[in-house]
Amino acid sequence: MQKGAELYRGKAKTVFLTDQADLLVLEFRDDTSAFDGEKIEQLERKGEVNNKFNHFIMQQIEAAGVQTQVQSLLSDTESLVKKLKMIPVECVLRNYAAGSLCRRLGVQEGVTLNPPTFEFFLKNDALHDPMINESHIIGFNWASQAQIDEMKALTFKVNSVLSPLFAKGGMLLVDFKLEFGVDAKGQIILGDEFTPDGCRLWDSETKRKLDKDRFRQGLGSVVESYIEVARRIGLAL
Ligand code: ADP
Ligand code: UDP
């Protein structure tokens with residue numbers, strides 16, 4: 001496999017074409033962004049940590065029967081993935097209230113959500129990723145009802161795999177965001193990434209934040225915390 005031209009440079013990752021039409025290279029950079037790109041910093045080793053973390057998690061998800069983009073680790077900061085036509089919505093599942101849910105509804109951080117809540121957001125930085133519902137997704141042709149149903153079911157399935165994994169490491173999976181795409185066969189596949197950049201993880205006892213909120217809130221030790229999360233779930237980085 002030969003790495004080809006740059007296809008897209010996002011806030012934290014760069015996507016490259018390859019000499020195989022159905023494969024891409026995802027490069028995880030050290031860039032860390034928050035507030036729709038308003039705050040951006042380079043954090044040493046974050047690209048490597050997230051690349052390896054993502055690969056590890058995607059393998060667990062795949063083993064549970066959810067199809068993911070991940071093919072192989074290519075280098076410290078690069079993964080080979082299936083090329084997908086990304087659906088421009090973010091699927092957010094919450095086990096505990098935090099972040100935008102608290103701001104929007106005035107509920108207290110940490111309130112248990114049982115059953116978990118599920119929300120869709122439009123992937124659009126300029127509009128600050130507004131919350132949308134199923135009728136927007138269908139009306140604007142971003143996805144079909146069948147695809148919506150599948151994304152939702154797969155997001156709950158991922159929660160049922162990952163919540164116990166993090167619980168074993170003494171952590172609460174507070175919330176997370178997934179992005180799905182469609183492959184050449186028309187199948188819905190989990191794309192993008194699952195790393196502490198796109199989820200919230202708290203120490204179960206102390207409720208210490210171990211995810212990107214450390215960056216958003218200027219708490220320090222961001223990459224060190226990601227490495228601690230990895231260690232607690234059995235991945236040495
Ligand atoms: P953003 O676009 O939000 O700034 P990133 O820096 O993470 O995000 O850039 C990665 C981009 O690559 C995202 O837009 C994501 O939707 C897209 N992407 C992720 N996985 C795939 C894939 N398997 N095929 C095609 N595009 C992908
Ligand atoms: N999230 C993300 N990318 C986004 C928006 C949210 O990865 O563009 C993740 C975020 O890290 C958290 C979950 O989705 O784990 C829910 O985020 P929320 O809606 O609370 O927004 P936030 O306050 O984090 O911006």
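Counting starts at 1 for both ligands and their atoms, following the listed order. Computation of the quantities below employed the complete heavy-atom set of this structure, encompassing side-chain atoms and omitting hydrogens, waters and symmetry-equivalent molecules. As the structure is a prediction and not an experimental result, all values here were calculated from the model.
Side-chain atoms of Y226 and D197 include a donor-acceptor pair closer than 3.5 Å. Counting only N and O atoms by type, the side chains of N159 and N95 include a donor and acceptor under 3.5 Å apart. A donor-acceptor pair shorter than 3.5 Å can be found between the side chains of S100 and R94. No hydrogens or angles considered: a donor-acceptor pair under 3.5 Å links the side chains of N133 and S135.
In this structure a side-chain-to-backbone donor-acceptor pair under 3.5 Å is missing from D192 to E179. Between the side chain of K168 and the main chain of R232, no donor-acceptor pair closer than 3.5 Å is present.
Counting protein heavy atoms only, atom 12 (O) of ligand 1 is closest to V15 CG2, 3.4 Å. Closest protein heavy atom to atom 3 (O) of ligand 1: K123 NZ, 2.8 Å. Protein heavy atom closest to atom 23 (O) of ligand 2, with residue, atom name and distance, is R103 NH2, 3.1 Å. Taking atom 3 (N) of ligand 2 as the reference point, the nearest protein heavy-atom neighbour is K177 CE, 3.5 Å. For atom 5 (C) of ligand 2, the closest non-hydrogen atom on the protein side is E90 OE1, 3.6 Å. Atom 16 (O) of ligand 1 has as its closest protein heavy atom E179 OE1, 2.9 Å. The nearest heavy-atom contact from the protein to atom 24 (O) of ligand 2 is R200 NH2, 2.8 Å. Annotation: atom 22 (C) of ligand 1 to nearest protein heavy atom, Q69 OE1, 3.6 Å. Considering only non-hydrogen protein atoms, atom 24 (N) of ligand 1 sits nearest to L84 N, 3.1 Å. Among protein heavy atoms, atom 15 (C) of ligand 1 sits closest to D192 OD1, 3.4 Å. Looking only at protein heavy atoms, the nearest one to atom 20 (O) of ligand 2 is S100 N, 2.8 Å. Here the protein heavy atom with the shortest distance to atom 7 (O) of ligand 1 is K13 NZ, 2.5 Å. Among protein heavy atoms, atom 8 (O) of ligand 2 sits closest to D129 OD2, 2.9 Å. Closest to atom 14 (O) of ligand 1 among all protein heavy atoms lies Y8 CE2, 3.5 Å.
Using a 4.0 Å cut-off between heavy atoms, K123 makes no contact with ligand 2 at all. Counting heavy atoms closer than 4.0 Å to ligand 2, residue D175 contributes atoms from both its backbone and its side chain. By the criterion of a heavy-atom distance under 4.0 Å, the side chain of R216, and not its backbone, is placed next to ligand 2. Using a 4.0 Å cut-off between heavy atoms, K11 contacts ligand 1 through both its backbone and its side chain. Counting heavy atoms under 4.0 Å from ligand 1, residue K85 does not touch it at all. With a 4.0 Å cut-off on non-hydrogen atoms, D197 touches ligand 2 through its backbone and not its side chain.
Checking only distances, R104 never comes within under 3.5 Å of ligand 2, N or O to N or O. For a threshold of 3.5 Å applied to N or O pairs, the pair formed by E119 and ligand 2 contains no separation below that value.
Distances from ligand 1 to the non-hydrogen atoms of A12 include at least one value under 4.0 Å. Look at R9 and you'll find every heavy atom at least 4.0 Å from all atoms of ligand 1.
The ligand atoms of ligand 1 that sit less than 4.0 angstrom from a heavy atom of L24 are 24 (N), 25 (C).
Separating the CE atom in M58 from the OG1 atom in T68 is a distance of 6.0 Å, to the nearest 0.5 Å.
What you find for Q69 and L84 is that their closest heavy atoms are CB-CD1, 4.2 Å. Considering all non-hydrogen atoms of both residues, E78 and N51 come closest at N-ND2, 3.1 Å.
K152 has a carboxylate O that lies under 4.0 Å from a charged side-chain N of E134, or vice versa, which qualifies the two as a salt bridge.
Looking at heavy atoms from C-beta onward, E62 lies out of side-chain contact with V70 at the 4.5 angstrom threshold.
A cation-pi contact, defined as under 6.0 Å to the ring centre and within 45° of the axis, links K39 to F215.
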